[in-house]
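To keep things clear, I will list the structure first and then write my remarks on it.
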Amino acid sequence: METVPNVADNCSIDLHGAEAKCLADNIVGMIFESHFDAWEFYKDYAKISGFSARRATTRKDAVGDVKAQEFCCSRAGFRKSKTSDVDRQRAPRAITRIGCKAKVVVMSTNSNQWRISFSHTEHNHPLCPTNMRPFLRSNRKVTYADIKEARAMKTAGIRTSQIMNLFQQQSGGFQQQQDNGFFIQYSLDESLRLHNLFWCDSTSRSDYTCFGDIIAFDTTYKANAYGRPLMPIVGVNHHHHTIVFGIAILADETVDTFEWVLRAFLEAMFNKTPISVVTDGDRAMQRAIKTVFPLARHRICSWHLSRNAQANIGDKKFTAAFSRCMSAWWTTTEFDREWRCESMNAALAIVLNSKKTYIDFVRAIENAITDMRIKELKEDFVCAQTTPYTTTKLTDLEGSASELYTQASFGIFQTELQNETLYRLMEPIVEIGQSRTFHLTKYRGPSKIYEVVLDVITENLMCSCRKFETVGISCCHQLHVLKLQDYSNLPQSLILHRWTKNAKLSAPSFIDFNVSPELKQMSHFASLRSMSSRLCYVASQTDETFRSAKDEIVRLTAEFDETCTFMASSSHTENKRNVQDPRRKLVKRKQNHKNQVPSSSRKYHYSFCNMEGHNKNTCPRLKLQLPTNSYGPTSTFFEEDDMEIPVALNFFGP
C-alpha cells in the first residue's frame, strides 16, 4: 500500500502498518486517493488510539455520488427506543452509544481525491488498554489468506475449533511476557521418579489475592498414561466464572498426599488461608483440610449431594424437594420443616485419554486455562465499554449499581430490585435505640414474614433470608427497606468488593517485561507468519510472481538456516534429567485359558441381528431390513484381539 502525504505535518503514514507512527492530534488536511483508503486509515488510527470506529453520515450530490463521509467513534450518538420495555421476551442488550463526539469528516476534492476537512479527537469515555483492543469491533477482521487456509483445512476434515486454536497459536497465543511469579513444587519416590506435582502461574496467584475467600477442589480425572488423579483448585471471579488457582497431579488420594498439596498451595499463595473450602466430601480431604486449614469452613458441593441423593434414594419427588431446599433461602428451622457448586471439572473441559503423558497433560490444562482467561478478559472489555440497560424507575439506585457491579453481578442485583415490588411492609416499624426492624411479607402471597434490621448509624442491614451472607448481593427485602428509607446509593455494608468491576484493581503483578529468548522467538514467528501469509496469497495469483517468490524464499531459507545452525551449535548445552517419569499404569489383558477358543476360529455376534459369522456389511437381515430379536443379550463389552474393552454407558455409576 502506498503512503499518503500528510499535509498537516509533512510526514508519511502507512495505512496498513500495525506499527504506524503516533498521529498528531490535528490530522486535518490529510489527502487520500480513495474513499476506501480514508476509511482504512481511520480504522488504523482508532486501533492505535484504543477505540472502535464506524461509518456515520453520508452526503451525496444531486447525481447521487458521495461527496462527504463522516467516520466516528462507535460510541457516538444514543440508542433509539424501538420497543416497549413491558413484557419483553429477551433482556435488552447493554448500551454502547453514550454520545461520544470523536469523529472525522472526509470530503471529495476536485482532483478526485479525499481530504480530511474536520477532526475531533476527544472522547467522553476511557479508551481501551492494549490487551483489550482485539475485542474492538472495527479491529476484528480476517485476511483473505487466512480464509483460504481455513477453507483448505476445513475441506481436509479439521474441525472449526481446531482451526481457530491453530490460528491462535500461530498468532502468538495469549500471553507473551516472562512469568517471574511461576510456582512449582514436586516430590520424588524412592526410585527418584516423580511422585506429586503442583504448579500455578502468576495470574493464578494474583487472582487468589482477590478471590481466594472460597476455593473448591476435586479429584476426578485419572485418564492418563500413569493413572494419576488430577486435582484442580478453583474459585469464582467477579464475573461469576470459574478460575483456576492451581493444578496438582497426585500419586494417590491419601491424607498425606492431600496435606502435601495443600501445604504447597498455601506456600504459593503467601500463606493466605481461604475462608471456605468446598469438596465432594472425601474423608481423606476432610482430614487434610482440618490439619492445614484449621480455621476454614468445610462445605460439601451441592452437585455431589444431589447426585448422591439421586443414586442412593432414587425417588424423584424427594430429589426435587431436596434440591429445592438446597437452593432456597431457608432459615435453619424452615429447612428442617421443609425438608448448586456445579462440577468444577466440567468447567475445564480438558480432553484427556489414557495415552496422554505428563507433557500432554500439562499442555491440555494450560490450553483450557487460557480459554477461560480469554473469556474473562472479554467480560472485562464488555464491562468497560458498555453500560447495562436499566429497567426500573429507581434510576438512582439502579444506576449506581450498574456503575459499581460487573455485568453478571448487576444482572443478579437487577432481578432482586425488580422483585422488591412484590413485597409490602407490615406495620409498625419497631425502633430500639439506633436499630429499626422492618417486617415484610409478599403481596397477596403466603404468610411468610421476613425480618430486616437496619442500623441507622452504621447503615448495616441484616435480613432473615440470609441471602446476602450467602451470595454477597443484596436481597429484594433489603432493597425494599432502602427504598422506604429514600436511599439513592447502596450503603457500603451491602457492597462486597469481589463482585465489583474494580475487584482486581489492587491485585499484585508479577510480569517481567524482560522477555525470555523462547517467548521472543515465538513472538517473532507469529509476526513473520502473519506477514508471509499475505505474501503467499498475493504471489500465488500469477505464475511469474509465484516463481519469483519461491526462488526468494528458497534463497533466504538457505541463508538463515546456515546462520541459525552456527549460532545454535555454539551455544548448545546438554541438559541433564535428574527426575524420571512415573511408572506407566499396567493395562490388564484377558488371559488365555486352556479351553479358550483361538481367536482365529472365534465367532462374533453382530449386535443388530444377534447372529454369528458376519458383520454389518454382510448381515442378511440388515440388507433385507428384517426384524431383529429384541430380547438378545446387551453386553457392554466387545471382544477384540484377546482384550475386553468396556463401553461407558453411564458416567455417574450404575
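Side-chain atoms are counted along with the backbone in the values below, which use heavy atoms only and exclude waters and symmetry mates. Each residue takes its place number in the sequence, starting with 1.
- A pairwise comparison of heavy atoms in Val255 and Ala288 identifies O-CB, 4.1 Å as the closest pair.
- Between the side chains of Thr458 and Asn460, no donor-acceptor pair is found at a separation under 3.5 Å.
- Remark: side-chain polar atoms of Gln478 are paired, donor with acceptor, to backbone N or O of Cys475 under 3.5 angstrom.
- For Phe265 and Tyr208, the distance between ring centers is under 6.0 angstrom.
- For the residue pair Ser409 and His238, no side-chain donor N or O sits within less than 3.5 Å of a side-chain acceptor on the partner.
- Within 6.0 Å of atom NZ in Lys272, more than 12 heavy atoms from other residues, nucleotides or ligands are found, so the atom counts as buried in its surroundings.
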Verdict with reasoning, Met269 to Phe183, per side-chain contact (heavy atoms from CB on, under 4.5 Å): CA-CA 10 Å; Met269 301 307 171; Phe183 180 91; over 6 Å; no
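- Contact annotation: the side chain of Arg287 never approaches that of Glu259 to less than 4.5 Å [non-hydrogen atoms, C-beta and beyond].
- Atom CZ of Arg297 has 12 or fewer heavy atoms from other residues, nucleotides or ligands within 6.0 Å.
- Tyr405 meets the ring pair (Phe, Tyr, Trp, His ring centres under 6.0 Å) test with Phe413; sequence neighbours excluded.
- In this model, no donor atom of one side chain and acceptor atom of the other lie less than 3.5 Å apart for Asp207 and Ser204.
- The environment of CZ in Arg498 is crowded: more than 12 heavy-atom neighbours from other residues, nucleotides or ligands sit within 6.0 Å.
- Taking the side chain as every heavy atom from C-beta outward, Arg205 and Ser202 never approach each other to under 4.5 Å.
- For Lys442, the NZ atom is loosely surrounded, since the number of other residues' heavy atoms within 6.0 Å does not exceed 12.
- A centroid separation of less than 6.0 Å is found between the aromatic rings of His477 and Tyr450.
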